[in-house]
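The figures that follow rest on heavy atoms only: side chains count, while hydrogens, waters and symmetry mates do not. Not measured: the values here are computed from a predicted model. All residue numbers refer to positions in the sequence shown, counting from 1.
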Amino acid sequence: MKSTSALLFASTILLSSPVAAAGPNVVASIKPVHSLVASIMQGVGEPALIVEGAASPHTYNMKPSNAAALQAAKVVFWVGPGLEAFLDKPLDALSGGAKVVELSEAPGLDKLKFREGGAFEAHDHAHEGEAGHGEEGHEHTEGEAEHDHAAAPEAAAAHDHAHEGHDHDHDGFDMHLWLDPRNAKAMAAEIEKTLAAADPDNAAAYKANLDTLNQRLDALDKSLLETVAPVKDKPFIVFHDAYQYFEHRYQVRVAGSITVSPEVLPGAERLSQIHAKIKELGATCVFAEPQFEPKLINVVIEGTPAKSGTLDPEAATLDAGPDLYFQLMEGIGTSLKTCLGSAS
């Protein structure tokens with residue numbers, strides 16, 4: 001009799017406890033975006049991811065499973081055609097009425113223009129239009145950055161519904177927006193707003209998760225400031241110019257990039273230029289990326305005192321999930337501190 005009563009009591013507790021309704025089908029383009037979406041959807045559902053594993057959005061080819069996920073989606077989050085160019089046409093072709101949210105248009109983002117010249121190769125490929133900053137582009141001021149704060153809510157709402165052909169000015173700014181936690185917060189706010197509108201039954205859960213995520217992002221930001229502080233004045237070279245936002249936020253010194261377009265390997269002349277730049281600037285580290293040819297790093301540091309390291313701006317080596325964004329950012333900070341701190 002006691003066991004029956006206990007069972008009934010447990011059943012009553014379960015029935016009276018708030019249980020989140022199943023969330024909508026949500027798709028995210030790349031791992032950093034997926035991580036932010038997954039954080040806000042915790043306890044409700046899990047978003048699908050397009051660019052999995054060690055693949056790069058710069059060189060990605062759509063799979064049939066990706067196309068199926070997009071067709072089944074109620075909401076799709078991506079950065080924009082300036083980064084995930086491979087998604088541009090598939091999103092335009094969606095027939096299921098999915099809400100497509102281009103996070104590079106989120107209100108409150110701090111946007112930085114491309115830079116080129118000298119140690120930064122010219123941006124002359126498909127999605128990288130006008131000239132941005134020059135060789136000394138690491139010394140940004142708030143006035144130099146493009147801000148999107150003035151975008152009207154009506155304009156944002158108009159953009160957020162079904163995909164409309166991308167007639168925005170993507171080409172003028174660097175699309176690696178997530179590498180500043182303040183931008184991650186702006187993107188997360190847009191994600192939460194979109195999910196709450198698409199799935200009102202779980203709006204309270206999304207809001208609570210956003211509050212938790214914002215607290216974690218603030219703590220991450222503070223931690224990274226402390227991590228890189230001892231090495232922030234030491235110049236270094238990166239594989240491609242993907243780190244402006246991290247650099248701008250934490251005042252580290254990116255002295256140049258080996259290539260601007262990861263899908264196009266640099267020629268001998270370019271490698272020779274970077275080799276000379278390492279000697280000229282006294283760059284202490286040259287950083288490879290996991291997806292691309294590491295032998296190039298050995299070529300440009302040969303005969304110099306520079307050390308090599310690895311940075312992973314798109315989380316190629318990390319497992320997808322809510323914690324990935326934090327692992328990604330902490331990994332960049334730790335790699336900088338380790339390599340630059342050990343260099344003479």
Side-chain angles (χ1 to χ4, degrees), residues 18-52 57 69-70 72-80 83-84 87 91 98-110 148 151 153 156-157 159-163 175-224 245 314-315 318-330:
V19 178
N25 286 337
V26 176
V27 174
S29 58
I30 61 173
K31 285 180 176 180
V33 169
H34 179 271
S35 182
L36 296 175
V37 176
S39 291
I40 294 171
M41 292 188 70
Q42 279 189 305
V44 177
E46 185 174 339
L49 172 64
I50 297 292
V51 183
E52 297 180 308
L70 288 176
K74 186 173 182 180
V75 183
V76 179
F77 293 104
W78 68 323
V79 179
L83 183 78
E84 309 102 316
L87 272 177
L91 290 178
K99 186 180 189 69
V100 178
V101 181
E102 195 171 314
L103 290 172
S104 61
E105 296 293 317
L109 289 173
D110 185 4
D148 204 25
H159 175 77
D160 284 346
H161 58 60
H163 203 52
M175 298 290 278
H176 297 84
L177 296 153
W178 62 88
L179 292 179
D180 181 340
R182 299 170 301 178
N183 277 351
K185 289 179 73 172
M187 296 165 77
E190 189 71 3
I191 292 166
E192 184 272 335
K193 183 181 77 172
T194 301
L195 291 174
D199 180 24
D201 289 346
N202 289 306
Y206 297 137
K207 178 61 170 64
N209 286 339
L210 176 64
D211 291 343
T212 299
L213 177 58
N214 282 337
Q215 292 173 10
R216 292 188 70 191
L217 290 171
D218 287 340
L220 171 69
D221 189 37
K222 181 179 179 181
S223 174
L224 286 171
Y245 292 99
E314 291 153 7
L318 300 176
D319 293 332
D323 291 330
L324 174 139
Y325 180 80
F326 298 89
Q327 295 167 355
L328 161 66
M329 296 294 286
E330 289 165 353

J.: Any side-chain heavy atom of Ile30 sitting closer than 4.5 Å to one from Trp178?
T.: yes
J.: Measure from the side-chain N and O atoms of Asp199 to the backbone N and O of Gly23, and report whether any donor-acceptor pair falls under 3.5 Å.
T.: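 Flag not set: sc Asp199 to bb Gly23 has no pair under 3.5 Å.
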J.: Please give me the minimum heavy-atom distance between Ala72 and Asn25, naming the atom from each residue.
T.: O-ND2, 3.2 Å
J.: Would you give the length of the straight line joining atom CZ of Phe326 to atom CG of Leu318, rounded to the nearest 0.5 angstrom?
T.: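 That separation rounds to 13.0 Å.
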J.: Which atom names give the shortest non-hydrogen contact between Pro322 and Ser39, and what distance separates them?
T.: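 Minimum heavy-atom contact is O-OG, 3.3 Å.
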J.: Measure the CE-CD distance between Met175 and Glu102 for me, rounded to the nearest 0.5 Å.
T.: 6.5 Å
J.: Show every salt bridge (charged side-chain N to carboxylate O under 4.0 Å, His left out) that has at least one partner inside residues 202-211, sequence neighbours left out.
T.: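 Only Lys207-Asp211 qualify under salt bridge (charged side-chain N to carboxylate O under 4.0 Å, His left out).
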J.: Looking only at non-hydrogen atoms, find the nearest pair between Ser104 and Leu109 and report the distance.
T.: O-CD1, 3.4 Å
J.: Would you check if Val37 and Val33 make a side-chain contact, meaning some heavy-atom pair closer than 4.5 Å?
T.: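 With C-beta onward as the side chain, the pair touches.
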J.: For Lys31, is there any backbone N or O sitting under 3.5 Å from a side-chain donor or acceptor partner on Ser35?
T.: no
J.: Roughly how far apart are Glu190 CD and Leu195 CG, rounded to 0.5 Å?
T.: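 Those atoms lie 10.5 Å apart.
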J.: NZ of Lys185 to CG of Leu210: how many Å apart, nearest 0.5 Å?
T.: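 Result: 9.0 Å between the selected atoms.
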J.: Within this structure, what is the CG-CG distance for the pair Leu83 and Leu177, rounded to the nearest 0.5 Å?
T.: 8.5 Å
J.: Would you please name every residue forming a side-chain hydrogen bond (donor to acceptor under 3.5 Å, both in side chains) with Glu84, sequence neighbours left out?
T.: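 Result, side-chain hydrogen bond (donor to acceptor under 3.5 Å, both in side chains) vs Glu84: Ser29.
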J.: Which atom pair, heavy atoms only, marks the closest approach of Pro47 to Met41?
T.: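 So the minimum-distance heavy-atom pair works out to CD-SD, 3.9 Å.
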J.: Could you tell me the separation between the CG atom of Asp180 and the CE atom of Met187, rounded to the nearest 0.5 Å?
T.: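 Atom-to-atom, Asp180:CG and Met187:CE are 11.0 Å apart.
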J.: Would you say the side chain of Tyr206 lies within less than 4.5 Å of the side chain of Thr194, judging by non-hydrogen atoms?
T.: no
J.: Closest approach of Pro57 and Glu314, non-hydrogen atoms and distance?
T.: CD-OE1, 3.4 Å
J.: Less than 4.5 Å apart, side chain to side chain, heavy atoms only: is that true for Ile50 and Leu70?
T.: yes
J.: Would you confirm whether Tyr325, through its side chain, and Leu217, through its main-chain N or O, come within 3.5 Å as a donor-acceptor pair?
T.: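 Side chain of Tyr325 to backbone of Leu217, a donor-acceptor pair under 3.5 Å: no, none is there.
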J.: Has Asp221 got a side-chain atom pairing as donor or acceptor with Pro181's backbone, closer than 3.5 angstrom?
T.: no
J.: So, do Asp323 and Arg216 sit near enough that their side-chain heavy atoms are less than 4.5 Å apart?
T.: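 Counting from C-beta outward, Asp323 and Arg216 do come under 4.5 Å.
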J.: What is the minimum heavy-atom distance between Gly321 and Ala38, and which atoms define it?
T.: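 Where Gly321 meets Ala38 most closely, the heavy atoms are C-CB, 4.4 Å.
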J.: Are side-chain heavy atoms of Val101 and Ile191 found at a separation under 4.5 Å?
T.: no
